[in-house]
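Values below: every heavy atom of this structure, side chains too, minus hydrogens, waters and symmetry copies.
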Number of protein chains: 2
Amino acid sequence: MFAIGTVERDTGISRDTLRIWERRYGFPTPGRNNKGERVYSAEQIQRLQRIRRLLDQGFRPGKVVPLEDEALNKLANTLHDLLLSPTDMDPTHIRLIDLASSGDIPALNAALEQLLAQEGLSSFVLDTFAPLTKAVGELWAAGRLQIFEEHILTRHLVRFLDVAMSRVGHPPGNPEVLLGTLPGEPHALGLLMAEALLINSGRATLNLGTDVPLDEIVTAAERSGVSTVALSFSGCYTRNTIRDDLEELAERLPRAVRIWIGGDGVRRLRRLPPSVEIMSLESI
Amino acid sequence: MFAIGTVERDTGISRDTLRIWERRYGFPTPGRNNKGERVYSAEQIQRLQRIRRLLDQGFRPGKVVPLEDEALNKLANTLHDLLLSPTDMDPTHIRLIDLASSGDIPALNAALEQLLAQEGLSSFVLDTFAPLTKAVGELWAAGRLQIFEEHILTRHLVRFLDVAMSRVGHPPGNPEVLLGTLPGEPHALGLLMAEALLINSGRATLNLGTDVPLDEIVTAAERSGVSTVALSFSGCYTRNTIRDDLEELAERLPRAVRIWIGGDGVRRLRRLPPSVEIMSLESI
DNA sequence: AATTTATTTTGTCTAGGACAAATAAAACTT
DNA sequence: AAGTTTTATTTGTCCTAGACAAAATAAATT
């Protein structure tokens, strides 16, 4: 049995939200310990994680949280069929995904190495690596991957790109593009793919990685003299303040600095500050 | 001006703690917006971050939170002098730290490459990389590094070890040791060093990375059939439940599986379950 | 079909108190 | 003097129930 703080950490759903879901939707239904505090069962946590994944895919709490286990499974399956229908997928990708979901990391690495050698870094990132990343995310959303499997895969993908970039070598000169994600955004692969493309086209980068407070981005941009700040937002970025953050960033950065944003989390955004531009990997 | 949620994210101090510090120690002293909600200035956030670093070093809130800016600076300086007195340090390390804190990444990489070639991976990790990591942490704790500088350094160190490991290649066969950190622990370098030493001695590993829920560790250990689970805890692991977590882990893992724990966060621990063993990098 | 306006949904924040785990200090024993 | 147990202090997490605004959807208008 787990306390609310543990559930918050393991599911990424805040205490406040957990309590208010209980009041509004009748789920979760924690028991109480002798202190009167909520205690959650492992099953409820698992269901919360499944709900979380569906929310990340764009569903709304009111339609998902009250659902029973069965209905939830059905929804996840529908999603799975929708997203991962093998008919319209490249057979090479299907093979990679099979290797990934079977956990055969050495074979996956070998296959990736071969594709990298054939296609060159830029095409590899755009045509192979990015779709594979997307597929992993969708497998995960559909509940076809355990959390630990997703961890392992992501780690290996990160390592693979790191090694590939180290072969190209870092372009000389001052960095032109600063990369990072805001606090609360843990996904680094989008940044890494962007960095690989930039490096491969001869532009020096400064990758701050994930979870960088806004004022540190400003300081880093000023110090390093970059001309562009690139931020990545995945679908799971729940913070409701992206627009405010971007406005603040645009205001505090030196005038000449452009802001690029990308990732699944930016689709819903409208009315951006003038210096902010939505970028895709292809347009780098 | 920033809301309490933002401050929580950027400082890692929970809302509840922020409110209770205000009540008990008279700091922080946020203003209020028109909704009656707390708003924190950038200066207060900076001071909170400095306080956080001192707490990570083992200071207690009652002695640190009420301090004025001046006293805080003084304490940080004393700490800096204490931890990083150059007299008792290897000149090679001093040079590396200089390169690191000056932000000259290419030069740092070159120096690391040279030392790696000279010493071999195991000695390099133990005698160069680990002390450098520690020094970076201490520079950061003493306020000598900006957050973004620490981010950049850490990223490059991770990348460097990843590349070094990829040269050694992954040992064949089933993994023997599973590595990971529990939710709330973001530092991956300890794991990575352990992994490098294991790989270099021919033992296959399975690195789950950071922030892995406990039940996922159990599942992963069962599926992969490892004989050891290795967890890393840095000084900033504030979760008060390490012992409970370890007890639960020991109970749920297969009997034959040993648990290794390491890192700065385990020094304070006593009365561990019988299958749990405190390990240092040297003893791997 | 594209804007504007109304309605619903949703997450974050507020208050002060309660409690136990963790740590430090004191008392005791060997 | 060093180790162990007992007492006191410190500290973080959790509780309740309500309020409010931003985001998303539905409805109405141009």
Side-chain angles (χ1 to χ4, degrees), chain A residues 1-9 11-25 27 30-40 51-52 54-56 58-66 184 236-247 265-271, chain B residues 1-9 11-25 27 30-40 51-52 54-56 58-66 184 236-247 265-271:
Chain A
M1 290 303 212
F2 306 89
I4 197 169
T6 312
V7 181
E8 176 180 30
R9 281 222 179 74
T11 66
I13 302 164
S14 79
R15 300 148 204 264
D16 282 322
T17 304
L18 286 168
R19 284 195 273 257
I20 217 156
W21 281 3
E22 188 181 335
R23 223 198 294 171
R24 284 185 188 150
Y25 311 123
F27 184 86
R32 299 281 171 153
N33 65 9
N34 50 8
K35 246 203 280 181
E37 299 173 353
R38 277 165 253 258
V39 285
Y40 297 81
I51 289 171
R52 179 79 206 290
L54 291 170
L55 295 185
D56 290 350
F59 285 90
R60 304 206 63 187
K63 317 233 161 172
V64 176
V65 180
C236 83
Y237 191 78
T238 53
R239 210 164 159 201
N240 298 326
T241 55
I242 302 188
R243 188 173 305 139
D244 290 350
D245 289 345
L246 290 175
E247 269 167 22
V266 303
R267 278 178 308 183
R268 310 166 206 165
L269 290 176
R270 315 217 160 181
R271 286 191 215 157
Chain B
M1 290 304 211
F2 306 90
I4 197 168
T6 312
V7 180
E8 178 181 30
R9 281 224 178 72
T11 65
I13 302 163
S14 79
R15 299 148 205 264
D16 281 323
T17 304
L18 286 168
R19 284 195 274 256
I20 216 156
W21 280 3
E22 187 180 334
R23 224 197 294 168
R24 283 184 188 150
Y25 310 123
F27 183 84
R32 298 282 170 155
N33 65 10
N34 50 9
K35 247 203 279 181
E37 299 173 351
R38 277 164 252 260
V39 285
Y40 297 80
I51 289 171
R52 178 81 205 290
L54 291 170
L55 294 185
D56 289 350
F59 285 90
R60 305 207 60 187
K63 317 234 160 171
V64 176
V65 180
C236 83
Y237 191 79
T238 53
R239 209 164 160 201
N240 298 325
T241 55
I242 302 190
R243 189 173 306 139
D244 293 349
D245 289 345
L246 290 175
E247 270 167 20
V266 304
R267 280 177 307 183
R268 311 164 204 167
L269 289 175
R270 315 216 163 182
R271 286 189 215 160

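C:dT12 atom C1' lies 18 Å from atom CZ of B:Phe2, rounded to whole Å. Look at CD on A:Glu8: it is 11 Å from P on D:dC15, rounded to the nearest Å. Between the CG atom of A:Leu55 and the P atom of D:dA23 there is a distance of 18 Å, rounded to whole Å. Regarding A:Glu37, its CD atom lies at a distance of 7 Å from the P atom of D:dC14, rounded to whole Å. With rounding to whole Å, B:Arg32 atom CZ is found 15 Å from D:dC20 atom P. Between the P atom of D:dC20 and the CZ atom of B:Arg38 lies a distance of 17 Å, rounded to the nearest Å. Computed from coordinates, the A:Ile13 CD1 to C:dT12 P distance equals 11 Å when rounded to whole Å. Remark: P of D:dG12 and CZ of B:Phe59 are 15 Å apart, rounded to the nearest angstrom.
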Output, in order, the C-alpha distance, side-chain angles, deciding distance and verdict of side-chain contact (heavy atoms from CB on, under 4.5 Å) for B:Ile4 and B:Arg15.
CA-CA 6 Å; B:Ile4 197 168; B:Arg15 299 148 205 264; 4.1 Å; yes
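Out of D:dC14, D:dG12, C:dC13, the shortest distance to the side chain of B:Thr17 is found at D:dG12. Ranking D:dT11, C:dT12, D:dT13 by closeness to the B:Arg60 side chain, first place goes to D:dT11. With distances taken from any side-chain atom of A:Ile4 to the nucleotides C:dT14, C:dT12, D:dC15, the minimum falls on D:dC15. Proximity note for A:Arg15 (side chain, C-beta onward) versus D:dC14, C:dT14, C:dC13: the nearest is D:dC14. Side-chain proximity of A:Tyr25 to the nucleotides C:dT12, C:dT10, D:dT11 is greatest for C:dT10.
Atom OG1 of B:Thr17 is separated from atom CZ of B:Arg52 by 10.0 Å, given to the nearest 0.5 angstrom. Here CZ of A:Phe27 is found 5.0 Å from CD1 of A:Ile51. Values are rounded to the nearest 0.5 Å. Interatomic distance, B:Glu8 CD to A:Ser14 OG, rounded to the nearest 0.5 Å: 8.5 Å.
When the side-chain nitrogen and oxygen atoms of A:Ser14 are compared with OP1 and OP2 of C:dT12, one or more of them lie within a distance under 4.0 Å. For A:Trp21, a side-chain nitrogen or oxygen approaches OP1 or OP2 of C:dG11 to under 4.0 Å.
What you find for B:Pro61 and B:Pro66 is that their closest heavy atoms are O-CD, 3.6 Å. Here the closest heavy-atom approach between residue B:Val64 and residue B:Phe59 is recorded as CG2-CB, 3.4 Å. When all heavy atoms are compared, the tightest approach of B:Tyr25 to B:Gly62 is CE2-CA, 3.9 Å.
Taking the side chain to side chain donor-acceptor pair (under 3.5 Å) definition, one finds that A:Lys35 meets it with A:Glu37, sequence neighbours left out. Residues satisfying the side-chain contact (heavy atoms from CB on, under 4.5 Å) criterion with B:Arg32, sequence neighbours excluded, are B:Glu22, B:Arg38. Listed by chain and number, the residues in a salt bridge (Lys or Arg N to Asp or Glu O under 4.0 Å) with B:Arg60 amount to none (sequence neighbours excluded).
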Any N/O pairs under 3.5 Å between the protein and nucleotides 16-20 of chain C? List them or say none.
unit_1, atom_1, unit_2, atom_2, d
C:dG16, N7, B:Arg23, NH2, 3.2
C:dG17, N7, B:Arg23, NH1, 3.4
C:dG17, N7, B:Arg23, NH2, 3.4

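Across its full length, the helix from C:dA1-D:dT30 to C:dT30-D:dA1 shows an angle of 40° between the axes of its 5 terminal pairs at either end, rounded to 10 degrees.
Sequence order on DNA chain D of the closest nucleotides to A:Gly36 and A:Lys63 puts A:Gly36 first from the 5' end.
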